[in-house]
Amino acid sequence: MPDLKDQLHAVWLCFEIPRAGGRLLETGVEQFLTSKREGELGKIPIVVVFTKYDTLLDRMERTLDKSFTKNLSKEAVQELTKKSAKDKLKEVCIAPLENFAGSDIPHVTVSTKGNYHEETLAHLIRTTEELVCKHIGTDASVMTSVAQRVDPGLKIKASIEVGKRKYWKALASSAPFKNRSMWDCFHVLHTDIVNVWNFQDPDGHLCSPEFRTIMTNMVNELDVGPTADPNKNLAFGLSIVGTIAGILSALAGPAAPIVVPIVASVVVAHWVYEVYQRSRSALQRFMKYIIDLTLVLQTLYLLSENRKLSRRAIKLAVKSYHDSPMSGTVHDRIQQYDKQSTFLERADRDSLDQFVKLLQSYNISAEEMPGLRDKLPAVDLSSDEPWDTKS
C-alpha cells in the first residue's frame, strides 16, 4: 500500500451552478457517480462542490420584487436573497444530484468573490476534513488540516491531534525525554506545531533560533509576570485586533521597527537548560509554550493573509499577543486548572479535556476572519527588519 501522503484522500466533484435550462450532470459525471454508487471507488469520500454561489446570489437579488423590498433593511434583503438562492439551488442542483446519485453524497456551495468567500471555503474544508477523518482516518484528516490555509480552527484541531499522539502521554511519563533538556523538548514541540500551520515561510523565520528564543522567554516572563484581571472576558479576536491597532498607532512612522519586549538573542530562563523531569512546574511550562505558540501563530495568520512571512510580521504577532490581556489570562487559567486537578493526574489518565477546551476557547473561526481583518489598520509587513530592535 502506498504511503499515506501518496494516497487519494477525497474527491471534490465541482459543478458550476447552471443558469436556467442548463444541465447539471454530463455523461462522464454520471458514469463517475455510478461507479461510486456501486462501490467501485471504495471508501474514498466525494464532496460535490457547487461553484459561483455569488453569481447565483446576484441573480436572485435582481429577481426580487422591488416594490416589496424597497422598504426592507439591507440585512432583510440579504436574508430574502439567501432564501431564494437556497430554493433555486435545491431545484437546479441538489434535486437532480439526489435523483441520480442518492442523498448520501455531501454537497457544499463555494464562492471566490464577495462576502461569502471565506465562509463557503471554510465550510468546504471542514466538510472534507470530517469525511476524511471518518472514512480514511485521523492521520489523513490531520494532513488535510495542515494543507489548507482557510480555517485556523482546523489548524488548532490538528495541533491538538498531533499533541495527543506524540507528546502528552510522553510528558507524563518523562521516559521519551530522558536526559534531554527542556530546550531540546521545546525544539521538537515547536517544529511540529509550526509545520501544522503551513505558512509561506521560505526563509525559515518561524523555526529560527531567534523565534524559538522569543517564545521560550515569553513563557518565562509571563510565568513570573503580573496576573490578569479575572473579571475581563474578551473574545480573542477582538482583543488582538484592538492590541494591534494600539501598537501600530504608537509607532513613530509607518516604517518604524516593531519593538518586541522579549529578547531574541539569549534565553533568559535558567530552567530551559535543565534536564527534563516530571514535575508540575515542567508540565505547566510545556502547556504554556504549546498554547502561547499556537495563539501567536493564529495572530500571525490573521495578519499575514497567506502572504510570505517577514520578521516584521512575526514580531507584530508576538508583541500583539504578549501585550494583549489574553496572554496573562491564558497563563492564569492554566495555573487555576492545575490547582483544581494537577497536570500529572490528568496526563496519567490521558484525560486532558480541559486543556483542549482551553485551547479551543481562543480559536478564531474562519467566518470571523474577514470582519477582523477589515478592522485592522493598514500596515506594510512585507519589509524585513532585525529580530532585536530598540525603541
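By the 4.0 Å N-to-carboxylate-O rule, D87 lies close enough to K83 to be salt-bridged with it. For E129 and R126, the salt-bridge test fails: no basic side-chain N is under 4.0 Å from an acidic carboxylate O. A salt bridge between D203 and K308 is present, with a side-chain N of the basic residue lying under 4.0 Å from a carboxylate O of the acidic one.
The salt bridge (charged side-chain N to carboxylate O under 4.0 Å, His left out) test with R311 is passed by exactly one of D388, D384, D201: D384.
Nearest heavy atom pair, residue L24 against residue C93, reads CD2-O, 3.3 Å. When all heavy atoms of A122 and E367 are compared, the closest pair comes out as CB-OE2, 4.2 Å.
Under the 3.5 Å distance criterion, the side-chain polar atoms of Q298 are matched with a main-chain donor or acceptor of I364. Checking side-chain atoms of S327 against main-chain N and O of D323 turns up no donor-acceptor pair under 3.5 Å. At distances below 3.5 Å, not a single donor-acceptor pair connects side-chain atoms of T191 with backbone N or O atoms of V188. Using a distance-only test at 3.5 Å, with no hydrogens or angles considered, a donor-acceptor pair links the side chain of K315 to the main chain of I258. Between the side chain of E368 and the backbone N or O of S365, at least one donor-acceptor pair lies under 3.5 Å.
Side-chain polar atoms of D58 and T55 form no donor-acceptor pair below 3.5 angstrom.
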*Test salt bridge (charged side-chain N to carboxylate O under 4.0 Å, His left out) on E16 and K52 and set out the steps.*
CA-CA 6 Å; E16 181 179 342; K52 296 190 177 182; 3.6 Å; yes

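With a 6.0 Å cutoff to the six-membered ring centre and a 45° limit on the axis angle, R37 does not count as a cation-pi contact of F32. Cation-pi contact between R307 and Y301: absent, since separation from the ring centre below 6.0 Å together with deviation from the ring axis within 45° is not met.
By the 6.0 Å contact criterion, NZ on K66 is enclosed, its count of non-hydrogen atoms from other residues, nucleotides or ligands being greater than 12.
Not counting sequence neighbours, E61 has no partner by the salt bridge (charged side-chain N to carboxylate O under 4.0 Å, His left out) test.
Ring orientation note: the planes of F186 and F286 are nearly perpendicular, at an angle over 60° on the 30°/60° scale.
When ring centroids are compared, F199 and H205 stay outside the 6.0 Å threshold.
Here the straight-line distance linking atom CD1 of I314 with atom CH2 of W387 works out to 4.0 Å at 0.5 Å rounding.
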